Amino acid sequence: NLTDKLQTIFKNLRGQGVISESNIKEGLREIQLALLEADVNYRIVKEFIESVTQEAIGQKVLNSITPSQKLVKIVNDKLIELLGQNASPLNLSSTQLNIIMLVGLQGSGKTTTCSKLAKFLHNKGKSILLAGTDTQRPAAREQLQFLGKNLGLPVITEGENPLDIALNSVKKANSSGVDTLIIDTQGRLHINDELMDELLKMKEAISPKEILFVADAMTGQDAVNIAKSFNEKLGITGVILTKLDTDTRGGAAISIRKVTGVPIKFIGMGEKGEDLEIFYPERLASRILG
Amino acid sequence: LFKKETEGENLWDELEQILIEADMGVGVTKDVLENLRKHVRMIADKEEILNSLEKELLGNFLHDGRSLNSSTTPPAVVLMLGVNGVGKTLTTSKLAYKLKKEGSKILLAASDTFRAAAIEQLGILSKKIEVDMIKHSYGADPAAVCYDAVEAAKARGVDFLIIDTAGRSHIDKNLMESLKKIRRVIDSRFPGMLKEILLVLDATTGQNALSQAKTFVDSLGVTGIVMTKLDGTAKGGIIVAIEKELKIPIKFIGTGENLEDFEVFDPKVFVSSLFE
Ligand SMILES: Nc1nc2c(ncn2[C@@H]2O[C@H](COP(=O)(O)OP(=O)(O)OP(=O)(O)O)[C@@H](O)[C@H]2O)c(=O)[nH]1
Ligand SMILES: Nc1nc2c(ncn2[C@@H]2O[C@H](COP(=O)(O)OP(=O)(O)OP(=O)(O)O)[C@@H](O)[C@H]2O)c(=O)[nH]1
Ligand SMILES: [Mg+2]
Ligand SMILES: [Mg+2]
């Protein structure tokens, strides 16, 4: 792994007592490779390595008794900082109806995550209504109905079109006294102007408290383009990274956070209702470093 | 990243960025650029370098074997597998639609008995293309669905049986075992009927696609790959590493959510799209 590789680079010089800048550069090359292999975006990696170089060469690593450990610590701390430093909770009101919209590319896990989020918040004492606005994908609304039924939570899917269903769900939430409305939307490409505009219209009509971008943790270099687009065209307030129960390193998280400045709030760790966890930067940082 | 000369480094940096950002991966990018440097040392023209680069990339692709495996004694069984959400169910329908248009008799099997509304989803698609579908109830044993499906395919004399399977994490031992059981059941009932094991990969996936491919190859055997969602902005460059290292042909690509958005993979078109 990365720590071993760095130790090999530095241990040959330990006896001589002096670490040169070129040794550090070699170590940084290993870190660059590790981050690229973890799917962190190329340009973000370049910027990151430059900022780490400043710190590493500026005496911190040169004078350290354990240079490889020092270098890894600098990188690890910088990654944690990049990922937002701390866990970030949902921004919910205790007095008004909280509307949470889930958006993202096709197949990223939105529908499943809606039900996981519903279970998570229900366990915290919230009263939930789920809304299925995907009128395009075959059996999308049935999928959410099934999931809601399993949780014993109400699901609304009636309406002429996505916006209509969303408006119906707000009416229903208000009339039934529910405090949290979770809205599932159709998967769409960030470059489909018509569908991105549909989301914007939905946002303007219902003023959600949170718009959560649901992204697949195995997304590669394109993560920056996708996240940037969703944020610029729609505006997102949080990110949920799914499918981290695989062996994917999850470097897309860095790309997404860096390019949007928006916090990652949850991670998906499996297909079941309980497989939703609060996001902790330090855990993902060590995973990305491998 | 790599050992560099100081001459015109900007172009090489630019090329490195293009290849990495296309999800080619560090290994392939390094090999390709090192080989390219050997060939283009005397050439200064950017146009010529790009042409050489395209040639270099094309050299990593297989030369043939991109058509769907079929049978002289139908039915031929096609098994569709892959991780969660990559497009297996829609691709199953697209392949069925294409084969039916070409005159084949098709039968589908809905062996995803686990995910909410999975059977319904394929059911709607099969009705749309007017193809029969074998299904059991929710929660049934996927291998039992497949067993019934191959029996039905044989009895009805169809040309192709396409089996849609549940998405799964390739590192989930139990779920991979469940796939192996499906394969065993088909192979033991009708040896040789399973002609094609298609791994579906999502073009937006990064380096993990290679790990997925390796794992499915090792556990099941894979005869072809379908890469979906190439209508997005992701380039899908990981397939260069997959063809190069695993020698498995990319047979089809998905380019949208309509049934017609399905093409036979062409390496030349793919490579030139990397530089658009
Ligand atoms: N392993 C794993 N699978 C997940 C996770 N989250 C969702 N899935 C699976 O990913 C697949 C896609 O999930 P969906 O909820 O249908 O995704 P979606 O974003 O709603 O898809 P579209 O509506 O078509 O855009 C399903 O098989 C889910 O069970 C996760 O955290 N881990
Ligand atoms: N844009 C685009 N979307 C696609 C493509 N292929 C599939 N999709 C979409 O991706 C999402 C997931 O497709 P599915 O066919 O349900 O994927 P799956 O692999 O069967 O998912 P699970 O069974 O849950 O693992 C759906 O919204 C599809 O419409 C493609 O080539 N392009
Ligand atoms: Mg959905
Ligand atoms: Mg499916």
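Throughout, protein chains are lettered first and strands after them, A, B, ... in sequence-line order, and every chain is numbered starting at 1. What you see below is based on every heavy atom in this structure, not just the backbone, and it leaves out hydrogens, waters and symmetry mates. As the structure is a computational prediction, the values presented were derived from the model and not from experiment.
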Residue selection (most heavy-atom pairs with chain A, distance under 4.5 Å) from B:Gly167, B:Gly237, B:Gly232: B:Gly232
A:Asp247 versus B:Ser211, closest heavy-atom pair with distance: OD2-OG, 2.8 Å
Distance (rounded to the nearest 0.5 Å) between A:Ser108 OG and B:Asn84 CG: 12.0 Å
B:Val83 side chain near A:Met218 side chain, heavy-atom distance below 4.5 Å: yes
Note, A:Thr246 side chain near B:Gln212 side chain (heavy atom, < 4.5 Å): no
CD on B:Gln207 to OG1 on A:Thr248, rounded to 0.5 Å: 9.5 Å
Heavy-atom closest contact (B:Thr233 atom, A:Asn225 atom, distance): OG1-CB, 4.2 Å
Nearest atoms (heavy-atom pairs only) where B:Val26 meets A:Leu36: CG2-CB, 3.7 Å
Side chain proximity check, A:Thr219 to B:Thr205, heavy atoms < 4.5 angstrom: no
Point-to-point distance, once rounded to the nearest 0.5 Å, from NZ of A:Lys46 to CD of B:Glu16: 5.5 Å
Per-residue contact mode, A:Ile49 against chain B (heavy atom under 4.5 angstrom): neither
Interchain contact, A:Asn150 with chain B, by part (heavy-atom threshold 4.5 Å): neither
For the student: nearest non-hydrogen atoms of B:Ala116 and A:Gln143, plus distance: O-CG, 3.5 Å
Option that, when pairs with chain B are counted at under 4.5 Å, heavy atom only, ranks first among A:Ile191, A:Leu147, A:Leu105, A:Asp216: A:Ile191
Over 12 foreign heavy atoms within 6.0 Å of NZ, A:Lys78: yes
Engaged part of A:Gln106 at the chain B interface, taking heavy atoms whose separation is under 4.5 Å: both
Choice from A:Glu271, A:Gln145, A:Glu37 maximising heavy atom contacts with chain B below 4.5 Å: A:Glu271
B:His136 atom NE2, over 12 foreign heavy atoms within 6.0 Å: yes
Side chain / backbone / both / neither for A:Arg137 at chain B, heavy atoms under 4.5 Å: side chain
Closest approach of B:Asp23 to A:Gly220 (non-hydrogen atoms, all atoms of both residues): OD1-CA, 3.6 Å
Derivation and outcome, side-chain contact (heavy atoms from CB on, under 4.5 Å), residues B:Glu21 and A:Asp222: CA-CA 7 Å; B:Glu21 288 191 337; A:Asp222 205 36; over 6 Å; no
Heavy-atom closest pair, residues B:Asp13 and A:Tyr42: O-OH, 3.9 Å
B:Glu177 atom CD, over 12 foreign heavy atoms within 6.0 Å: yes
Side chain, backbone, both or neither of B:Asp172 within contact of chain A (heavy atoms, under 4.5 Å): neither
Interchain contact, B:Lys229 with chain A, by part (heavy-atom threshold 4.5 Å): side chain
Top of B:Lys235, B:Lys128, B:His170 for chain A proximity - count of heavy-atom pairs under 4.5 angstrom: B:His170
More than 12 heavy atoms from other groups under 6.0 Å of NZ on B:Lys135: no
